[in-house]
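To start, the structure itself, in structure tokens.
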Amino acid sequence: ILTADDASGLAPGAPVLYRGVEVGRVLGLRLSESRKQAEVYVFIRAKDDDLVRRDTAFWRTGGVSVSMAQGFNVHLPSLQTVLSVAIAFDTPQVFAGPPAGSDAVFPLYRSRDTAEAVVSGPVFSYFIDFPEGVGGLARGAPVTLGGRRVGRVEAGGLPTEKKGGSFSTPVEISINALALDLPADASKTRKELDKELNQKLAKLIESGLRAKVSPGGLLSGKSVELAIVSGAPAAQLNQQHEPPAIPAAAASKTS
């Protein structure tokens, strides 16, 4: 059972997709008892129902989705999903939780981006204090390492003036442990994976890893780049800070 504030566009028979493959159908819709939400009843085929677990995320898909937050992000689904709104879902590779029962209730998110921002998984928070004023770094902006996306910006604070007239900008990011190729399976606890991720980042920081703000281009907004900075002063991952703090590269100099 999926709950949503608005079920417009959904109808009985609409496909339920897992990684683009149809594995079920929408059976029907009705108002909840409070009449404040819609309830969408979906059926998943028996041979695929083990894909639905406690931390599975469901979202609406179909039509043409355009996001302006970070330039232009245009999602063009298949003709089948354009003709009728569909429902898609995915399950984390680790920390997926136990299998969901036939009467399990899940929220139906508006988009995949919204689902990914809410659903838990092997994602851990970090703090960066950029030694300059940073504008235009939106929530959801990518965090990259070696040209590879490893996380996203979760929150950016307002620039704060420090002594001497300089500014700093606090930013919170999240990093997906699996994106850093850490071995993870269902037997590993979140605490163990968190420790391993901190250890890996600590070693990279000792080798000069620093956080920088990448300006982006015409069709892509600003992002956070984790990169090795040659000749960077000694620094370490501050695990006394909550969340742990990754050092930023020195402020860029302007003439």
Side-chain angles (χ1 to χ4, degrees), residues 1-69 73-125 138-140 151-155 172 174 176 178 186 189-191 193 243:
I1 303 169
L2 312 180
T3 61
D5 293 333
D6 187 343
S8 298
L10 286 170
V16 178
L17 311 173
Y18 179 78
R19 301 190 178 182
V21 177
E22 184 176 322
V23 295
R25 289 273 174 174
V26 172
L27 294 178
L29 303 88
R30 74 175 188 182
L31 286 175
S32 65
E33 289 186 6
S34 67
R35 310 186 81 175
K36 293 181 179 180
Q37 283 190 311
E39 293 181 343
V40 183
Y41 288 78
V42 301
F43 168 79
I44 308 295
R45 293 196 298 259
K47 71 184 186 70
D48 297 312
D49 64 7
D50 61 326
L51 295 171
V52 183
R53 309 184 74 86
R54 183 188 61 197
D55 287 338
T56 291
F58 290 85
W59 63 89
R60 296 165 58 105
T61 187
V64 178
S65 172
V66 180
S67 171
M68 296 291 290
N73 268 330
V74 182
H75 304 284
L76 300 175
S78 65
L79 178 62
Q80 178 186 19
T81 54
V82 169
L83 295 176
S84 64
V85 174
I87 292 174
F89 72 93
D90 203 357
T91 300
Q93 296 179 51
V94 294
F95 312 132
S102 59
D103 58 348
V105 179
F106 296 88
L108 178 61
Y109 297 105
R110 295 188 304 274
S111 66
R112 180 172 193 143
D113 287 345
T114 305
E116 289 180 343
V118 176
V119 175
S120 61
V123 175
F124 300 89
S125 297
R139 185 174 187 269
R152 54 177 277 154
V153 172
E154 297 297 342
E172 186 171 322
S174 60
N176 187 328
L178 300 186
T189 67
R190 186 176 181 86
K191 185 176 181 179
L193 194 57

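Only a predicted model underlies this, so the values are computations on that prediction, with no experimental measurement involved.
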For the residue pair Glu154 / Ser174, report whether a side-chain donor-acceptor contact shorter than 3.5 Å exists.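 Yes, a side-chain donor-acceptor pair sits under 3.5 Å.
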
Could you tell me if the side chain of [Y] sits less than 4.5 Å from the side chain of [X], heavy atoms only?
X     : Y     : result
Val16 : Phe43 : no
Ile1  : Val40 : no
Gln37 : Asp5  : yes

Does Thr91 reach the main-chain N or O of Leu51 with its side chain, forming a donor-acceptor pair under 3.5 Å?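 Judged by distance alone, yes, a pair lies under 3.5 Å.
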
Looking at Ser8, is its backbone amide N or carbonyl O close enough to the side chain of Arg60 to form a donor-acceptor pair, meaning the two atoms are under 3.5 Å apart? yes

Atom pair [atom1]/[atom2] of [X] and [Y] - distance to nearest 0.5 Å:
X     : Y      : atom1 : atom2 : answer
Asp90 : Trp59  : CG    : CH2   : 5.0 Å
Phe89 : Leu108 : CZ    : CG    : 12.5 Å
Arg45 : Arg25  : CZ    : CZ    : 9.5 Å
Tyr18 : Asp48  : OH    : CG    : 9.5 Å

Of the non-hydrogen atoms in [X] and [Y], which two are nearest, and what is the gap between them?
X      : Y      : result
Leu193 : Pro122 : CD2-CB, 3.8 Å
Pro15  : Glu22  : CB-OE1, 3.6 Å
Thr56  : Phe106 : O-CD2, 3.6 Å
Glu172 : Ser125 : OE2-OG, 3.6 Å
Ala7   : Leu29  : CB-CD2, 3.6 Å
Ala115 : Ala57  : CB-CB, 4.0 Å

Taking the basic N atoms (NZ, or NE/NH1/NH2) and the acidic carboxylate oxygens, is any pair closer than 4.0 Å for Glu33 and Arg35? no

Could you walk me through whether Ile87 and Thr61 pass side chain to side chain contact (heavy atoms under 4.5 Å, CB included), step by step? CA-CA 6 Å; Ile87 292 174; Thr61 187; over 6 Å; no

When you look at CZ of Arg110, are more than 12 heavy atoms from neighbouring residues, nucleotides or ligands closer to it than 6.0 Å?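 Count not over threshold, so no.
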
